[in-house]
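Beneath this line is the structure, given in structure tokens, with notes to follow.
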Amino acid sequence: MFKASMTAALSSLIMRFRPSSSSVFEAQYCDPAQPATAVNSGPGRRRFEFMRHADMAVDALNRADTAWRLMEPWGVTPETAHLERHAVYTFRGRWACAWRRGNVFLAGDAAHLMPPFLGQGLCAGLRDARALSWRIAMTHQGLSAPSVLDTYGSERSGHVREIIDEAVAAGRVICELDPDKAAARDAEMRRLSRDSVADTREPPHPRLGEPSLAMARTGAVGRLAPQGRVRCGRREGLLDDVIGGGWQLISRAGDPALSLSAADIAWFRQIGGVIADVSERGTVDDLDGVYERWFAKHGCEAFLARPDFYVFAAGAQTDVPEFVSQLRRTLRPAAGRQRRRRSSAARHGENR
């Protein structure tokens with residue numbers, strides 16, 4: 001069963017063509033007479049989308065001559081391009097009520113549908129895959145209890161619903177058909193474009209839905225961790241590439257490992273954890289100040305991020321031992337499963 005964020009579906013004619021010469025137009029055309037989108041569609045290809053008006057039948061819209069007529073104002077004609085395909089798509093905003101049944105999980109378009117106005121559909125599917133894969137891997141390896149899988153659906157559903165709502169809202173702005181309302185919209189956009197202090201709005205970066213696998217929902221917890229360029233020794237690049245992209249324990253107030261017991265460090269390494277000190281005296285240089293600004297914005301000194309890059313815990317340097325202790329309690333490795341793994345490993349060693 002699905003829930004919906006749109007009271008009515010929106011249909012558009014989408015076509016892909018190969019221009020005979022290079023074309024540079026790429027925009028969202030908020031024309032109340034005919035809302036349209038023009039974007040790249042891979043090397044040497046372009047893509048147009050034209051909103052279907054209520055008085056046009058789907059069959060009439062989904063014709064090659066209709067496609068040529070709609071593209072003609074942009075100089076796209078049978079003499080200047082090759083039309084490869086055209087089809088009418090219906091945009092919807094929906095998400096599944098349940099994302100799991102036993103060992104079957106939903107992800108991507110099977111779990112949610114959204115209109116394309118923010119370009120977030122594939123991004124949401126990638127987040128689903130990352131959030132699910134690390135849980136399955138840790139459970140399969142005996143590093144966590146199967147219960148970590150229980151929060152996958154609630155986290156992703158709450159997160160994706162906010163993005164769907166934003167995409168629907170953006171679509172209403174772009175596809176406004178009332179000339180007076182469109183004129184008022186355009187005037188406001190022009191005013192904002194002249195305002196040097198007006199913020200350019202980014203796609204939403206929601207917090208994970210609840211219940212989630214994280215500590216108390218405060219500040220940065222449940223939101224994306226930062227990703228900046230760093231240098232460690234002779235290696236330079238994004239932090240995930242330089243030190244690793246699993247569980248990350250990062251601090252700007254000194255080496256987090258100094259706050260942990262040898263047993264906690266060993267366990268953290270066992271689950272694929274990496275530790276980094278990005279302070280001025282640390283071994284990891286924050287090349288562009290990304291981590292310095294992030295810590296200042298959120299008023300914290302250290303954070304623990306999950307393998308899907310969401311913050312599990314954030315706080316003072318003195319809170320680091322509690323971060324790791326809470327993570328151990330949350331994951332709760334199944335003792336029986338671990339004993340079976342050790343027994344299997346012992347038998348394998350004997351066989352060798």
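Note that the structure is a prediction, hence the values are computed from the model and not measured.
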So, [X] side chain and [Y] main chain: donor-acceptor pair closer than 3.5 Å or not?
X	Y	result
Q248	I275	no
H86	F17	no
R185	V173	yes
R306	L213	yes
R135	A131	yes
R52	A57	no
D165	A169	no
T151	P211	no
S279	S251	no
D277	T283	no

ask   = With R45, which residues qualify under salt bridge (charged side-chain N to carboxylate O under 4.0 Å, His left out), at least two apart?
value =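 Testing R45 for salt bridge (charged side-chain N to carboxylate O under 4.0 Å, His left out), a comparison that skips the adjacent residues, returns E84.
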Looking only at the side chains, is there a donor atom on one of [X] and [Y] sitting less than 3.5 Å from an acceptor on the other?
X	Y	value
E49	S12	no
T80	S20	no
Q28	T37	yes

Side-chain heavy-atom pair [X], [Y] within 4.5 angstrom cut-off:
X	Y	value
W267	L327	yes
L113	I164	no
V148	M138	no
E322	M215	yes
Y310	R127	yes
L83	P78	no

Does [X] share a hydrophobic cluster with [Y], counting links as ILVMFWY side-chain heavy atoms below 4.5 Å and allowing steps through other members?
X	Y	answer
V274	L258	no
M56	L70	yes
L192	M189	no
L287	Y291	no
L13	V58	yes

Would you call [X] and [Y] a salt bridge, using N to O less than 4.0 angstrom?
X	Y	answer
E72	R69	no
D285	R231	yes
R235	D241	no

ask   = Any chance the rings of H112 and W99 have centres within less than 6.0 Å?
value = yes
key: Ring-ring centroid check F303 F295, cutoff 6.0 Å   = yes
With rounding to the nearest 0.5 angstrom, report the [atom1] to [atom2] distance, [X] to [Y].
X	Y	atom1	atom2	answer
F312	W247	CZ	CH2	6.5 Å
R161	M114	CZ	CE	12.5 Å
S11	H53	OG	NE2	12.5 Å
S325	L260	OG	CG	8.5 Å
D286	I250	CG	CD1	10.5 Å
F309	Q227	CZ	CD	7.0 Å

Taking atom [atom1] as the centre, does [X] end up with more than 12 heavy-atom neighbours from other residues, nucleotides or ligands that are less than 6.0 angstrom away?
X	atom1	answer
R329	CZ	yes
E292	CD	no
R63	CZ	no
D178	CG	yes
E280	CD	no

query = Between F50 and F48, how do the two ring planes meet: parallel, tilted or perpendicular, split at 30° and 60°?
reply = parallel
